[in-house]
Amino acid sequence: MIVLARLATILFVFLALADPAIAQSRRSADTSRAQSEAEAEIRDRINAWTIGLAGGLLEGAPIRFATEIARAVNDGGDMHVLPIVTRGPTENVNDLLYLKGVDTAIINSDALEEYKSQVPQIRERITYILNLFPSELHVFVRPEIRTLADLAGKKVNFNTQGTAAAYSGPLIFSRLGISIEKMFIPHPAALEQMKRGEIDGVVFVTTKPVDAFVKGKWEGGFKFLPVEYGPKFADYYLPSYLEQADYPNLIAKDERIATISVPTILTAFNWRPDSPRYRRVARFVDQLFGHIDRLRSPGFDAKWKDVNLSASAPGLERFRAAQEWLDRSASTKQSGRP
(Lines give C-alpha, C1' and ligand atoms only; values in the text may rest on other atoms or scores of the structure.)
Protein backbone atom coordinates (compact mmCIF):
# COMPACT_ATOMS: atom_id res chain seq x y z
CA MET A 1 0.00 0.00 0.00
CA ILE A 2 2.84 2.34 0.85
CA VAL A 3 4.39 1.68 -2.57
CA LEU A 4 1.12 2.41 -4.34
CA ALA A 5 0.68 5.62 -2.40
CA ARG A 6 4.16 6.75 -3.35
CA LEU A 7 3.54 5.95 -7.02
CA ALA A 8 0.28 7.90 -6.92
CA THR A 9 2.08 10.86 -5.39
CA ILE A 10 4.83 10.78 -8.05
CA LEU A 11 2.23 10.53 -10.79
CA PHE A 12 0.29 13.46 -9.35
CA VAL A 13 3.43 15.62 -9.15
CA PHE A 14 4.42 14.64 -12.72
CA LEU A 15 1.02 15.55 -14.09
CA ALA A 16 1.02 18.81 -12.16
CA LEU A 17 4.38 19.73 -13.64
CA ALA A 18 3.60 18.47 -17.14
CA ASP A 19 0.28 20.24 -17.52
CA PRO A 20 1.77 23.78 -17.92
CA ALA A 21 4.41 22.41 -20.30
CA ILE A 22 1.73 20.73 -22.39
CA ALA A 23 -0.36 23.89 -22.38
CA GLN A 24 2.68 25.95 -23.35
CA SER A 25 3.46 23.49 -26.16
CA ARG A 26 -0.11 23.74 -27.42
CA ARG A 27 0.02 27.52 -27.30
CA SER A 28 3.33 27.52 -29.20
CA ALA A 29 1.89 25.17 -31.80
CA ASP A 30 -1.20 27.36 -32.17
CA THR A 31 0.97 30.47 -32.50
CA SER A 32 3.23 28.78 -35.06
CA ARG A 33 0.20 27.61 -37.03
CA ALA A 34 -1.31 31.09 -36.97
CA GLN A 35 1.98 32.62 -38.11
CA SER A 36 2.29 30.07 -40.93
CA GLU A 37 -1.26 30.78 -42.07
CA ALA A 38 -0.63 34.53 -41.94
CA GLU A 39 2.59 34.17 -43.94
CA ALA A 40 0.84 31.90 -46.44
CA GLU A 41 -1.86 34.53 -46.88
CA ILE A 42 0.77 37.25 -47.49
CA ARG A 43 2.66 34.99 -49.90
CA ASP A 44 -0.48 34.14 -51.84
CA ARG A 45 -1.61 37.78 -51.96
CA ILE A 46 1.76 39.02 -53.22
CA ASN A 47 2.14 36.31 -55.84
CA ALA A 48 -1.45 36.63 -57.02
CA TRP A 49 -0.81 40.10 -58.48
CA THR A 50 2.94 40.10 -59.16
CA ILE A 51 4.34 40.03 -62.69
CA GLY A 52 7.90 39.91 -63.95
CA LEU A 53 8.85 42.57 -66.51
CA ALA A 54 12.01 41.82 -68.50
CA GLY A 55 13.69 45.19 -69.09
CA GLY A 56 17.19 45.11 -70.52
CA LEU A 57 20.79 46.09 -69.89
CA LEU A 58 21.50 48.40 -66.95
CA GLU A 59 22.78 51.15 -69.24
CA GLY A 60 19.87 51.01 -71.67
CA ALA A 61 16.60 52.91 -71.96
CA PRO A 62 14.32 49.82 -71.69
CA ILE A 63 15.26 49.00 -68.10
CA ARG A 64 14.70 52.67 -67.18
CA PHE A 65 11.23 52.51 -68.70
CA ALA A 66 10.55 49.23 -66.91
CA THR A 67 11.53 50.77 -63.59
CA GLU A 68 9.32 53.80 -64.18
CA ILE A 69 6.40 51.53 -65.09
CA ALA A 70 6.87 49.76 -61.76
CA ARG A 71 6.93 53.10 -59.91
CA ALA A 72 3.68 54.19 -61.50
CA VAL A 73 1.83 50.87 -61.34
CA ASN A 74 2.84 49.31 -58.01
CA ASP A 75 -0.10 49.98 -55.72
CA GLY A 76 0.06 48.25 -52.36
CA GLY A 77 -1.28 44.73 -52.63
CA ASP A 78 -3.22 45.33 -55.84
CA MET A 79 -0.25 45.18 -58.22
CA HIS A 80 3.45 44.42 -57.92
CA VAL A 81 5.74 44.75 -60.95
CA LEU A 82 9.27 43.38 -60.75
CA PRO A 83 11.61 44.98 -63.35
CA ILE A 84 14.28 42.46 -64.39
CA VAL A 85 17.75 43.33 -65.66
CA THR A 86 18.42 41.17 -68.71
CA ARG A 87 20.89 40.81 -71.57
CA GLY A 88 18.90 43.14 -73.82
CA PRO A 89 15.65 43.57 -75.77
CA THR A 90 16.53 40.78 -78.21
CA GLU A 91 17.17 38.25 -75.45
CA ASN A 92 13.94 39.38 -73.83
CA VAL A 93 11.99 37.48 -76.48
CA ASN A 94 13.66 34.30 -75.29
CA ASP A 95 12.91 35.21 -71.67
CA LEU A 96 9.26 35.88 -72.43
CA LEU A 97 8.90 32.54 -74.20
CA TYR A 98 10.80 30.33 -71.77
CA LEU A 99 11.94 31.96 -68.52
CA LYS A 100 9.83 31.25 -65.43
CA GLY A 101 8.40 34.33 -63.77
CA VAL A 102 8.51 36.55 -66.86
CA ASP A 103 5.02 37.67 -67.91
CA THR A 104 5.89 40.80 -69.88
CA ALA A 105 8.96 42.13 -71.66
CA ILE A 106 10.27 45.18 -73.49
CA ILE A 107 11.56 44.20 -76.93
CA ASN A 108 12.54 45.76 -80.23
CA SER A 109 10.06 44.88 -82.96
CA ASP A 110 12.65 43.32 -85.27
CA ALA A 111 13.81 40.94 -82.53
CA LEU A 112 11.03 38.66 -83.78
CA GLU A 113 12.99 38.07 -87.00
CA GLU A 114 15.46 35.80 -85.20
CA TYR A 115 12.70 33.54 -83.92
CA LYS A 116 10.66 33.08 -87.09
CA SER A 117 12.41 29.83 -88.03
CA GLN A 118 12.70 28.23 -84.58
CA VAL A 119 9.26 29.41 -83.38
CA PRO A 120 7.01 29.58 -86.48
CA GLN A 121 4.01 30.60 -84.34
CA ILE A 122 5.91 33.45 -82.69
CA ARG A 123 3.23 36.04 -83.58
CA GLU A 124 0.57 33.87 -81.97
CA ARG A 125 2.54 33.38 -78.75
CA ILE A 126 3.57 36.99 -78.13
CA THR A 127 1.27 40.02 -78.12
CA TYR A 128 1.92 43.69 -77.54
CA ILE A 129 0.50 45.95 -74.85
CA LEU A 130 2.00 49.30 -75.75
CA ASN A 131 4.24 50.87 -78.39
CA LEU A 132 6.64 52.68 -76.07
CA PHE A 133 9.03 54.74 -78.15
CA PRO A 134 10.97 54.64 -81.41
CA SER A 135 14.70 53.97 -81.56
CA GLU A 136 15.99 55.85 -84.57
CA LEU A 137 18.66 54.45 -86.86
CA HIS A 138 21.72 56.74 -86.97
CA VAL A 139 24.31 55.93 -89.64
CA PHE A 140 27.18 58.31 -88.92
CA VAL A 141 30.17 58.32 -91.27
CA ARG A 142 33.48 59.96 -92.11
CA PRO A 143 33.75 62.80 -94.69
CA GLU A 144 34.92 60.57 -97.55
CA ILE A 145 31.81 58.36 -97.25
CA ARG A 146 29.00 59.94 -99.28
CA THR A 147 26.39 57.18 -99.67
CA LEU A 148 25.42 53.92 -98.02
CA ALA A 149 26.92 52.07 -101.00
CA ASP A 150 30.32 53.63 -100.16
CA LEU A 151 30.33 51.61 -96.92
CA ALA A 152 30.54 48.30 -98.80
CA GLY A 153 33.59 46.45 -97.51
CA LYS A 154 34.33 49.20 -94.97
CA LYS A 155 34.60 48.98 -91.16
CA VAL A 156 31.33 49.83 -89.43
CA ASN A 157 30.81 49.59 -85.68
CA PHE A 158 27.54 48.38 -84.11
CA ASN A 159 28.32 48.78 -80.40
CA THR A 160 28.73 45.80 -78.06
CA GLN A 161 26.82 42.54 -78.38
CA GLY A 162 23.43 42.61 -76.64
CA THR A 163 22.65 46.19 -77.59
CA ALA A 164 19.94 47.25 -80.04
CA ALA A 165 22.51 48.44 -82.58
CA ALA A 166 24.41 45.16 -82.46
CA TYR A 167 21.26 43.27 -83.43
CA SER A 168 19.23 45.65 -85.59
CA GLY A 169 22.17 47.28 -87.38
CA PRO A 170 23.53 44.21 -89.21
CA LEU A 171 19.98 43.08 -89.97
CA ILE A 172 19.17 46.44 -91.59
CA PHE A 173 22.38 46.42 -93.63
CA SER A 174 21.57 42.90 -94.78
CA ARG A 175 18.18 44.11 -96.00
CA LEU A 176 19.89 46.98 -97.78
CA GLY A 177 22.12 44.45 -99.52
CA ILE A 178 25.33 46.12 -98.32
CA SER A 179 28.14 43.88 -97.04
CA ILE A 180 30.36 45.62 -94.52
CA GLU A 181 33.12 44.64 -92.09
CA LYS A 182 31.18 44.48 -88.82
CA MET A 183 32.75 45.57 -85.54
CA PHE A 184 31.29 45.25 -82.03
CA ILE A 185 33.23 47.51 -79.66
CA PRO A 186 31.88 50.17 -77.27
CA HIS A 187 30.70 53.19 -79.21
CA PRO A 188 32.86 55.75 -77.32
CA ALA A 189 36.01 53.85 -78.38
CA ALA A 190 34.68 53.46 -81.92
CA LEU A 191 34.00 57.18 -82.27
CA GLU A 192 37.58 57.98 -81.30
CA GLN A 193 38.89 55.47 -83.84
CA MET A 194 36.56 56.99 -86.40
CA LYS A 195 38.09 60.43 -85.87
CA ARG A 196 41.52 58.89 -86.56
CA GLY A 197 40.28 57.26 -89.75
CA GLU A 198 40.48 53.69 -88.40
CA ILE A 199 36.72 53.11 -88.69
CA ASP A 200 34.53 54.38 -91.52
CA GLY A 201 31.14 54.53 -89.82
CA VAL A 202 29.15 53.83 -86.67
CA VAL A 203 25.56 52.75 -86.32
CA PHE A 204 23.42 53.79 -83.36
CA VAL A 205 19.90 52.46 -82.81
CA THR A 206 18.50 54.55 -79.98
CA THR A 207 16.16 57.41 -79.24
CA LYS A 208 17.25 60.79 -80.54
CA PRO A 209 19.03 62.99 -79.68
CA VAL A 210 22.26 61.12 -78.84
CA ASP A 211 24.65 62.98 -76.53
CA ALA A 212 27.71 61.78 -78.45
CA PHE A 213 26.55 63.73 -81.49
CA VAL A 214 25.06 66.71 -79.65
CA LYS A 215 28.03 67.36 -77.37
CA GLY A 216 30.85 65.88 -79.44
CA LYS A 217 33.17 68.03 -81.55
CA TRP A 218 33.19 66.95 -85.18
CA GLU A 219 35.15 68.33 -88.10
CA GLY A 220 33.35 69.34 -91.26
CA GLY A 221 32.24 66.48 -93.43
CA PHE A 222 31.23 64.03 -90.67
CA LYS A 223 27.55 63.35 -91.28
CA PHE A 224 24.48 61.15 -91.05
CA LEU A 225 23.50 59.16 -94.12
CA PRO A 226 19.85 58.93 -95.16
CA VAL A 227 18.10 55.56 -95.06
CA GLU A 228 14.84 55.59 -97.01
CA TYR A 229 11.83 53.70 -95.70
CA GLY A 230 10.36 51.22 -98.17
CA PRO A 231 8.72 47.79 -98.58
CA LYS A 232 11.83 45.99 -97.33
CA PHE A 233 11.29 47.59 -93.91
CA ALA A 234 7.50 47.49 -93.69
CA ASP A 235 7.27 44.40 -91.47
CA TYR A 236 9.03 45.69 -88.35
CA TYR A 237 10.08 49.31 -88.87
CA LEU A 238 8.57 52.77 -89.19
CA PRO A 239 9.67 55.86 -91.17
CA SER A 240 11.45 58.58 -89.23
CA TYR A 241 13.92 61.44 -89.70
CA LEU A 242 16.78 63.41 -88.13
CA GLU A 243 16.77 67.22 -88.23
CA GLN A 244 18.60 70.27 -86.95
CA ALA A 245 16.55 70.40 -83.75
CA ASP A 246 18.07 67.01 -82.90
CA TYR A 247 21.66 67.75 -83.96
CA PRO A 248 22.21 71.49 -84.52
CA ASN A 249 25.96 71.12 -85.13
CA LEU A 250 25.64 68.37 -87.73
CA ILE A 251 22.42 69.08 -89.65
CA ALA A 252 21.72 72.29 -91.54
CA LYS A 253 18.68 74.45 -90.92
CA ASP A 254 15.55 73.12 -92.63
CA GLU A 255 17.41 69.92 -93.57
CA ARG A 256 15.65 66.65 -92.77
CA ILE A 257 17.50 63.35 -93.09
CA ALA A 258 15.30 60.36 -93.77
CA THR A 259 15.85 57.28 -91.63
CA ILE A 260 13.89 54.43 -90.09
CA SER A 261 13.05 53.65 -86.49
CA VAL A 262 12.82 50.41 -84.58
CA PRO A 263 9.74 50.47 -82.34
CA THR A 264 10.46 49.51 -78.75
CA ILE A 265 7.35 47.76 -77.47
CA LEU A 266 5.95 46.40 -74.24
CA THR A 267 4.87 42.82 -74.90
CA ALA A 268 3.11 40.03 -73.04
CA PHE A 269 2.93 36.31 -73.49
CA ASN A 270 -0.37 35.35 -75.07
CA TRP A 271 -1.82 33.70 -71.98
CA ARG A 272 -5.18 31.92 -72.14
CA PRO A 273 -7.94 34.30 -70.96
CA ASP A 274 -9.04 31.79 -68.29
CA SER A 275 -5.55 31.48 -66.77
CA PRO A 276 -4.32 33.19 -63.57
CA ARG A 277 -1.39 34.73 -65.44
CA TYR A 278 -3.70 36.31 -68.00
CA ARG A 279 -5.66 37.87 -65.13
CA ARG A 280 -2.44 39.24 -63.64
CA VAL A 281 -1.40 40.87 -66.88
CA ALA A 282 -4.97 42.15 -67.43
CA ARG A 283 -4.84 43.89 -64.04
CA PHE A 284 -1.41 45.23 -64.92
CA VAL A 285 -2.89 46.70 -68.12
CA ASP A 286 -5.70 48.35 -66.15
CA GLN A 287 -3.21 49.89 -63.74
CA LEU A 288 -0.78 51.00 -66.45
CA PHE A 289 -3.34 52.50 -68.82
CA GLY A 290 -5.34 53.99 -65.96
CA HIS A 291 -2.26 55.70 -64.51
CA ILE A 292 -0.56 56.79 -67.72
CA ASP A 293 -0.80 60.43 -66.55
CA ARG A 294 1.52 59.59 -63.67
CA LEU A 295 4.18 58.60 -66.19
CA ARG A 296 3.71 61.88 -68.06
CA SER A 297 4.31 63.96 -64.93
CA PRO A 298 7.62 65.50 -63.80
CA GLY A 299 10.12 62.99 -62.47
CA PHE A 300 9.61 60.49 -65.29
CA ASP A 301 11.27 60.26 -68.71
CA ALA A 302 10.01 63.03 -70.99
CA LYS A 303 9.31 60.54 -73.76
CA TRP A 304 6.26 59.28 -71.87
CA LYS A 305 4.51 62.42 -73.08
CA ASP A 306 4.81 61.11 -76.64
CA VAL A 307 3.46 57.63 -75.86
CA ASN A 308 0.11 57.04 -77.53
CA LEU A 309 -1.91 54.23 -75.95
CA SER A 310 -3.66 53.54 -79.25
CA ALA A 311 -0.52 53.34 -81.38
CA SER A 312 -0.06 49.97 -83.04
CA ALA A 313 3.15 47.93 -83.18
CA PRO A 314 4.22 46.34 -86.46
CA GLY A 315 4.30 42.56 -86.55
CA LEU A 316 2.10 41.75 -83.53
CA GLU A 317 -1.51 41.62 -82.35
CA ARG A 318 -2.48 43.58 -79.24
CA PHE A 319 -2.95 41.76 -75.93
CA ARG A 320 -6.67 41.07 -75.61
CA ALA A 321 -7.18 42.87 -72.28
CA ALA A 322 -5.34 45.93 -73.62
CA GLN A 323 -7.59 46.11 -76.66
CA GLU A 324 -10.67 45.70 -74.46
CA TRP A 325 -9.46 48.57 -72.24
CA LEU A 326 -9.04 50.82 -75.27
CA ASP A 327 -12.48 49.84 -76.59
CA ARG A 328 -14.10 50.67 -73.25
CA SER A 329 -12.28 53.99 -73.11
CA ALA A 330 -13.39 54.90 -76.63
CA SER A 331 -16.98 53.93 -75.83
CA THR A 332 -16.94 56.07 -72.69
CA LYS A 333 -15.67 59.09 -74.62
CA GLN A 334 -18.30 58.66 -77.32
CA SER A 335 -21.08 58.45 -74.77
CA GLY A 336 -19.85 61.60 -73.07
CA ARG A 337 -19.53 59.93 -69.69
CA PRO A 338 -16.74 61.31 -67.44
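Remember, it's a predicted structure, so these values are computed and weren't measured experimentally. Numbers for residues simply follow the sequence, beginning at 1.
Smallest separation of non-hydrogen atoms from Pro273 and Arg320: CG-NH1, 3.2 Å. Of all non-hydrogen atoms in Val102 and Ala54, the two that sit nearest each other are CG1-CB, 4.1 Å. Shortest non-hydrogen contact noted between Tyr236 and Pro314 is O-CG, 3.4 Å. Taking every heavy atom of both residues into account, Val93 and Ile122 meet most closely at CG1-CD1, 4.2 Å. The minimum heavy-atom distance between Gln161 and Ala166, with the atom names listed, is CA-CB, 3.9 Å.
Side-chain contact check for Arg125 versus Phe269: some heavy-atom pair is nearer than 4.5 Å. Counting heavy atoms from C-beta outward, Val81 and Leu288 have side chains that stay 4.5 Å or more apart. The shortest distance between side-chain heavy atoms of Phe173 and Leu151 falls below 4.5 Å. Side-chain atoms of Ile172 and Val139, non-hydrogen and from C-beta on, never get closer than 4.5 Å to each other. For the pair Leu238 and Pro263, the minimum side-chain heavy-atom distance is below 4.5 Å. Val73 has its side chain out of reach of His291: every pair of non-hydrogen atoms, C-beta onward, lies at least 4.5 Å apart. Ser312 has its side chain within reach of Tyr128: a pair of non-hydrogen atoms, C-beta onward, lies under 4.5 Å apart. Under the 4.5 Å side-chain criterion, counting only non-hydrogen atoms from C-beta, Phe65 is not in contact with Leu130.
No donor-acceptor pair closer than 3.5 Å links the side chain of Ser109 to the backbone N or O of Val262. Checking side-chain atoms of Asn131 against main-chain N and O of Ile265 turns up no donor-acceptor pair under 3.5 Å. At least one donor-acceptor pair under 3.5 Å links the side chain of Asn92 to the backbone N or O of Gly55. Of the possible donor and acceptor atoms, one in the side chain of Thr127 sits under 3.5 Å from a partner among the backbone N and O of Ala268. A distance-only check finds a donor-acceptor pair linking the side chain of Tyr167 to the backbone of Glu114 [under 3.5 Å]. Between the Ser174 side chain and the Pro170 main chain, no donor and acceptor come within less than 3.5 Å of each other. At least one donor-acceptor pair closer than 3.5 Å links the side chain of Arg318 to the backbone N or O of Ile129. At distances below 3.5 Å, not a single donor-acceptor pair connects side-chain atoms of Thr264 with backbone N or O atoms of Leu132.
Ile106 CD1 to Ile84 CD1: the interatomic distance, rounded to the nearest 0.5 Å, is 11.0 Å. How far CG of Leu137 is from CZ of Phe204: 11.5 Å, rounded to the nearest 0.5 Å. For the atom pair Thr104 OG1 and Phe284 CZ, the distance stands at 5.0 Å (nearest 0.5 Å). Here CD1 of Ile178 is found 4.5 Å from CG of Leu148. Values are rounded to the nearest 0.5 Å. Note that CD of Glu243 and CZ of Arg256 are 5.0 Å apart. Values are rounded to the nearest 0.5 Å. Atom CG of Asp327 sits about 9.5 Å away from atom OG of Ser329, to the nearest 0.5 Å.
Tyr237 and Phe233 have perpendicular rings, their planes meeting at more than 60° on a 0 to 90° scale where under 30° would count as parallel. By the 30° and 60° cut-offs, the orientation of the rings of Tyr247 relative to Phe224 is tilted. Between Phe319 and Tyr278, the ring planes lie tilted relative to each other; the angle falls in the 30° to 60° range.
The side-chain hydrogen bond (donor to acceptor under 3.5 Å, both in side chains) contacts involving residues 200-219 comprise Lys208-Asp246, where partners must be two or more places apart or lie in separate chains. Listed by first and then second residue, the salt bridge (Lys or Arg N to Asp or Glu O under 4.0 Å) pairs that reach into residues 90-112 are Arg87-Glu91, Asp103-Arg277, sequence neighbours excluded. The stretch residues 143-172 participates, sequence neighbours left out, in these salt bridge (Lys or Arg N to Asp or Glu O under 4.0 Å) pairs: Arg142-Glu144. Within the structure, salt bridge (Lys or Arg N to Asp or Glu O under 4.0 Å) pairs that include any residue of residues 221-239 comprise Arg175-Asp235 (at least two apart or interchain). For residues 60-73, the pairs satisfying salt bridge (Lys or Arg N to Asp or Glu O under 4.0 Å) are Arg64-Asp301, with sequence neighbours left out.
Considering only residues two or more places apart in sequence or on other chains, Asp274 meets the side-chain hydrogen bond (donor to acceptor under 3.5 Å, both in side chains) condition with Arg272. In this structure Glu198 satisfies the salt bridge (Lys or Arg N to Asp or Glu O under 4.0 Å) test together with Arg196, sequence neighbours excluded. Applying the side-chain hydrogen bond (donor to acceptor under 3.5 Å, both in side chains) test to Asn94 and every residue at least two apart in sequence or in another chain returns nothing. When the salt bridge (Lys or Arg N to Asp or Glu O under 4.0 Å) test is applied to Glu124, no partner is found at least two apart in sequence or on another chain. In this structure, the salt bridge (Lys or Arg N to Asp or Glu O under 4.0 Å) partners of Lys116, at least two apart in sequence or on a different chain, are Glu113. Considering only residues two or more places apart in sequence or on other chains, Pro143 meets the side-chain contact (heavy atoms from CB on, under 4.5 Å) condition with Phe222.
Linking Ile, Leu, Val, Met, Phe, Trp and Tyr residues whenever their side-chain heavy atoms come within less than 4.5 Å leaves Val202 and Ile260 in two separate clusters. Two different hydrophobic clusters hold Phe213 and Val156 under the rule that ILVMFWY side chains link at heavy-atom gaps under 4.5 Å. In the hydrophobic cluster analysis, where Ile, Leu, Val, Met, Phe, Trp and Tyr join through side-chain heavy atoms closer than 4.5 angstrom, Leu266 is grouped together with Met79. Follow the hydrophobic side-chain contacts under 4.5 Å out from Leu242 and you never reach Val227; the two are in separate clusters. With hydrophobic clusters built from ILVMFWY side chains whose heavy atoms lie under 4.5 angstrom apart, Phe300 shares a cluster with Leu309.
For the pair Asp306 and Lys303, the salt-bridge criterion is not met [side-chain N within less than 4.0 Å of a carboxylate O].
Cluster partners of Leu58, using a side-chain heavy-atom cutoff of under 4.5 Å among ILVMFWY residues and allowing indirect links, are Ile63, Val85.
Screening Arg328, Arg279, Arg280 for a salt bridge (Lys or Arg N to Asp or Glu O under 4.0 Å) involving Asp286 leaves a single residue, Arg328.
The neighbour count for Glu317 CD, taken as heavy atoms of other residues, nucleotides or ligands under 6.0 Å away, does not exceed 12.
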